[in-house]
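Numbers here simply count residues along the sequence, with the first being 1. As the structure is a prediction and not an experimental result, all values here were calculated from the model. These numbers come from the heavy atoms of this one structure, side chains and all, not from hydrogens, waters or symmetry mates.
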Amino acid sequence: MPDFIDNGTRFRLTDPMLAPSAAGYLWNRRMMIQMTCRGYAVSQYMDPEPRKYAHVPTIAGQSFMQPEHRYFTHHPGRFFYVRDNHSGSLFSAPHEPVRAKPDRFVFEPGLSDMRWTVEKDGLRVELCLELPEDDVAEIWTATVSNVADRTRDVSFVPYFPVGYMSWMNMGGHFDPDLGAVICTSVTPYQAVEDYFRNRHLKDITFLAADRLPDHVEVSQQAFEGEGGLADPSALQAGRNLAGGDAAYEIPAGILQYNLSLPAGGAERFRLIFGPAHDTSEVATLIGKYLRGDAAAVQNATRAYIADGLGSFEIQTPDPAFDAFVNHWLPRQVFYHGDTNRLTTDPQTRNYLQDALGMVFIRPETTRDVILRTASQQSVSGKVPDGILLRPDATLKYINQIPHTDHAVWLVITTCAYLDETNDRSILAAQVAWSDSDETDSLYNHVTRALRFLAGEVDGRGLPLIAQGDWNDPMNMVGYKGKGVSGWLAEASSYAMSLWADVCEAEKDRETAAWLRAEAGALIERINTHLWDGDWYARGITDDGKPFGVSADAEGRIYLNAQSWAMLCGAADADRQDRMLRAIDEQLETPYGVAMFAPAYTRMREDVGRLTQKWPGSAENGAVYNHAAAFYAAALYHVEEGDRAYRVLRAMLTQPEAGDIAARGQLPLYIPNYYRGAWHQHPRTAGRSSNLFNTGTASWFYRLVIEQLCGLRGTRDGVVIAPQIPSDWDRCRFRRNFRGATFEVDVARVSGLTGRQIEVDGTPIAGDVLTHVEPGRTYTVRVRLPERA
């Protein structure tokens, strides 16, 4: 049975056919790799822009992961063939490409490594993948064991495809002095200046082991022959690898070891695979990771991951939820916040929201992100679409398209940082402008961002959408300069109210009053122009047509427009009841709440390219978890805790076979989306994107800590206001906050009519504990009424 093991720090899957694309991921500050249970891989590294070192057979997108990866015979993978040299039988570990049914299969992704155990016909292969703390390299350990009662003569053949490296120049050979397969290429270019820019690139991909192979092959085609990868000609009829090279042919790292294993005998191998600039770098990496202290490398990697696991631990009646929140959720938050998703120009909204979660793990990172963002703001107050992390970086892809929402995230992240740390000094920090020699305080930067946002409106006073807001492919609502975003009106009102509180605390009553007036005016405009009777419209197009309304056959109701109406206070009690009923009826699915419904089935030219996506995938009506997290935030905001928890829990795959098979994912991360269009395409609804890049992780972590557990900061201290589900009798958690430790026990008690809070045995009035003392441990008892 699939389940969490090792106190929740590892997951065990025992069937490679249950969810063929189920995967885990590893990373360090310079690379990441996602490995499926069957042995396929997606990996990339920074050089200094994102690149790949193992390629598909044709030129494809090199710098980012695709949703719902298609794996195929020649997709990059890490495969290990085992041939019985007496019978000629062949199998491969982890499972591809031979696909022989194993007698035993175990895939165990952990926090800092991935392990497999595969047994077939009395032979066992144990694999472990690790990454070093900082270098770009995969470190593999492979052990081949004879678990039969007789001596076995076997060939062990690690096969690491490299793929189509370059149409200009690619090849490969075995270097006996290094003991490594060296696959070479030249990155294609046209402009002369690119030659000089490319000279530093790591155009080599290499495979080396801690012992010399008995035989080797570098040409993928020579290895496959007529048998293909499932039954390569090079391994048929007892053949040994022929020692060939690759001359403008697709190369691969293929090593053969002929082993005589007595009963109970085993042979262990250590391999390294990755990119390099030249053979001297290959030699250095081999020295460090094949001949160096393996335990020290492993300990450094474990320490790096452990440093990012946060300082929060929870115990609830839901053990799978606990395992995810205590280990895998902070890990996902840390990946985002420490690597910036392996890009040199993160989208501003991603950059800031990833930092939103880091405030609970490493708040100094959040501080740096806020100040860097402000430093790239123009003197007009406009916040850029992307943040440049290096002097030589440029804005690429979506960051070249004008979006209008970035100021909102600057406010939300700054306020979250203040709530968590109470570091008011950040407000006075002097920050430059991108287009001026002047500097100004962060406080004035944020205020000016909101003034800019308040000015970018149409004649109704609703914010212009340009070519997108939070929803990137909603690119044709306002490309003529007239369309507006209903969601942005709500989010702007919410951000203005948040910042008004900061202004009042800083004794800037004039700015606070202006912000409250603007926020209130936006609410009036929202209710005047966007309320459709049972829910709010998503926006109004360039041609003045509201969309996301009951008159629409497709895209009738959008989740974000309802969530943020609750967050900003636009929805009164009656409207809220109508919205929640509409969401329950039209957006709820067995796999979570959909972003909107029904999904579009054809292009709508006044909405944009999201309508061209397959119905139910990505932004076209998927269970888009980032939007679902906003909905959960809104539900907690209006004290709908049971609904909010159900929304959060639906984002997580259950650790049981049926849900894993349906979603195609292990419960190790929140994916960008699950397929929606439940009523239109029920067969594929719930299928995971298997993308772990998502701002959802930060929001989820924040909601669990600050709303579900209810321990969140204010200027004066800490609020203690848990909203645990009504069917939980008890919840315990431990949280570090402003240098103090809070050990909190929340329980339901019969006979109570209201919440009771004791701190160190003393009841407190209300729900705010003032004057948190660093270094102190607080024992908190919260007693709630029994559920109805």
Side-chain angles (χ1 to χ4, degrees), residues 24-28 30-36 39-47 51-56 74-81 92-94 96-97 113-116 125 127-143 156-165 170 172-175 178-185 202-213 216-218 220 223 229 246 250-257 268-279 281-292 294 297-298 301:
Y25 69 97
L26 302 173
W27 85 93
N28 62 33
R30 298 172 60 194
M31 68 174 293
M32 58 72 59
I33 183 168
Q34 185 177 42
M35 285 288 308
T36 73
Y40 287 124
V42 176
S43 57
Q44 62 191 54
Y45 70 106
M46 303 301 288
D47 191 26
R51 299 187 75 203
K52 289 180 166 57
Y53 52 91
H55 310 267
V56 296
H74 289 94
H75 192 281
R78 319 293 186 255
F79 310 123
F80 301 82
Y81 291 88
S92 59
E96 302 286 351
D113 64 21
M114 285 187 246
R115 304 189 311 214
W116 292 262
V125 179
L127 304 173
C128 181
L129 168 63
E130 302 166 287
L131 303 183
E133 180 185 9
D134 198 49
D135 281 320
V136 180
E138 300 171 24
I139 302 169
W140 287 85
T141 303
T143 303
F156 176 60
V157 183
Y159 167 69
F160 284 53
V162 174
Y164 186 25
M165 301 178 76
M170 65 175 174
H173 64 280
F174 181 73
D175 186 322
L178 290 171
V181 172
I182 305 294
C183 302
T184 61
S185 68
K202 298 178 186 290
D203 276 343
I204 286 174
T205 300
F206 73 97
L207 173 67
D210 59 355
R211 65 175 88 175
L212 286 172
V216 67
E217 179 59 71
V218 183
Q220 177 180 290
F223 176 70
L229 287 176
I250 293 178
I254 315 170
L255 310 175
Q256 180 179 342
Y257 298 91
R268 183 176 180 275
F269 302 82
R270 195 164 171 85
L271 302 98
I272 181 172
F273 181 63
H277 179 256
D278 52 31
T279 54
E281 185 177 5
V282 174
T284 298
L285 292 169
I286 289 172
K288 287 174 69 174
Y289 300 117
L290 295 185
R291 302 194 181 102
V297 171
Q298 185 180 70
T301 299

Show, in sequence, the C-alpha distance, side-chain angles and deciding distance for Met35 and Tyr40, and conclude whether the side chain to side chain contact (heavy atoms under 4.5 Å, CB included) test is met. CA-CA 6 Å; Met35 285 288 308; Tyr40 287 124; over 6 Å; no
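- Residues Leu229 and His74 have side chains in contact (heavy-atom distance under 4.5 Å, counting atoms from C-beta outward).
- The closest donor-acceptor contact from the side chain of Asn28 to the backbone of Pro132 lies under 3.5 Å.
- Closest of all the heavy-atom pairs between Val181 and Ala252 is CG1-O, 3.7 Å.
- For the side-chain contact (heavy atoms from CB on, under 4.5 Å) test, residues two or more places apart in sequence or in another chain that qualify with Ala246 are Val218, Glu249, Pro251.
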Go through Met170 and Thr184 one step at a time and tell me if the side chain to side chain contact (heavy atoms under 4.5 Å, CB included) criterion holds. CA-CA 5 Å; Met170 65 175 174; Thr184 61; over 6 Å; no
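- A ring pair (Phe, Tyr, Trp, His ring centres under 6.0 Å) with Phe273 is found for one member of Tyr53, Tyr45, Phe206, Trp140 and no other, namely Tyr53.
- For the atom pair CG of Leu207 and CD of Glu138, the computed distance is 9.5 Å after rounding to the nearest 0.5 Å.
- Distance alone, capped at 3.5 Å, places no donor-acceptor pair between the Thr279 side chain and the Val282 backbone.
- The minimum heavy-atom distance between Val162 and Cys183, with the atom names listed, is CG2-SG, 3.8 Å.
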Decide side chain to side chain contact (heavy atoms under 4.5 Å, CB included) for Leu129 and Ile139; before the verdict, give the C-alpha distance in whole Å, the side-chain angles of both, and the deciding distance to 0.1 Å. CA-CA 6 Å; Leu129 168 63; Ile139 302 169; 5.9 Å; no
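- By the 6.0 Å and 45° rule, Arg211 stacks over the aromatic ring of Phe269.
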Determine, step by step, whether His55 and Tyr164 satisfy the ring pair (Phe, Tyr, Trp, His ring centres under 6.0 Å) criterion, reporting the C-alpha distance in whole Å, the side-chain angles of both residues, the deciding distance to 0.1 Å, and the verdict. CA-CA 6 Å; His55 310 267; Tyr164 186 25; 8.5 Å; no
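- Here the straight-line distance linking atom CD1 of Ile204 with atom CE of Met165 works out to 8.0 Å at 0.5 Å rounding.
- A distance of 11.0 Å separates CG of Asp203 from CG of Asp278, quoted to the nearest 0.5 Å.
- Annotation for Leu131 and Ala137: closest pair CD2-O, 3.4 Å, computed over non-hydrogen atoms.
- Between the side chains of Thr141 and Arg115, no donor-acceptor pair of N or O atoms lies under 3.5 Å.
- The distance from the CD1 atom of Ile33 to the CD atom of Gln44 is 11.0 Å, given to the nearest 0.5 Å.
- With sequence neighbours left out, the side-chain contact (heavy atoms from CB on, under 4.5 Å) criterion links Pro158 to Phe80, Phe156, Phe160, Leu255, Tyr257, Leu271.
- Of the residues listed (Val136, Asp134, Leu26, Asp135), the one engaging Met31 in a side-chain contact (heavy atoms from CB on, under 4.5 Å) is Val136, and it is the only one.
- Nearest heavy atoms, Leu127 versus Ala142: CD2-CB, 3.7 Å.
- Residues passing the side-chain contact (heavy atoms from CB on, under 4.5 Å) test with Gln298, sequence neighbours excluded: Glu130, Arg302.
- Annotation for Ala54 and Pro161: closest pair CB-O, 3.8 Å, computed over non-hydrogen atoms.
- Here the side chains of Tyr159 and Gln220 are in contact, with some heavy-atom distance below 4.5 Å.
- A 4.5 Å side-chain heavy-atom check between Phe174 and Ile182 finds every atom pair outside the cut-off.
- Tyr81 approaches Pro97 most closely through the heavy-atom pair OH-CG, 3.1 Å.
- Note that OH of Tyr25 is 10.0 Å distant from CE of Met114, once rounded to the nearest 0.5 Å.
- Between Arg291 and Asp210 no salt bridge is recorded (no basic side-chain N to carboxylate O distance below 4.0 Å).
- For the pair Ile254 and Val157, the minimum side-chain heavy-atom distance is below 4.5 Å.
- Remark: Lys52 does not engage Asp47 in a salt bridge, criterion side-chain N to carboxylate O under 4.0 Å.
- Here the straight-line distance linking atom CZ of Arg51 with atom OG of Ser43 works out to 12.5 Å at 0.5 Å rounding.
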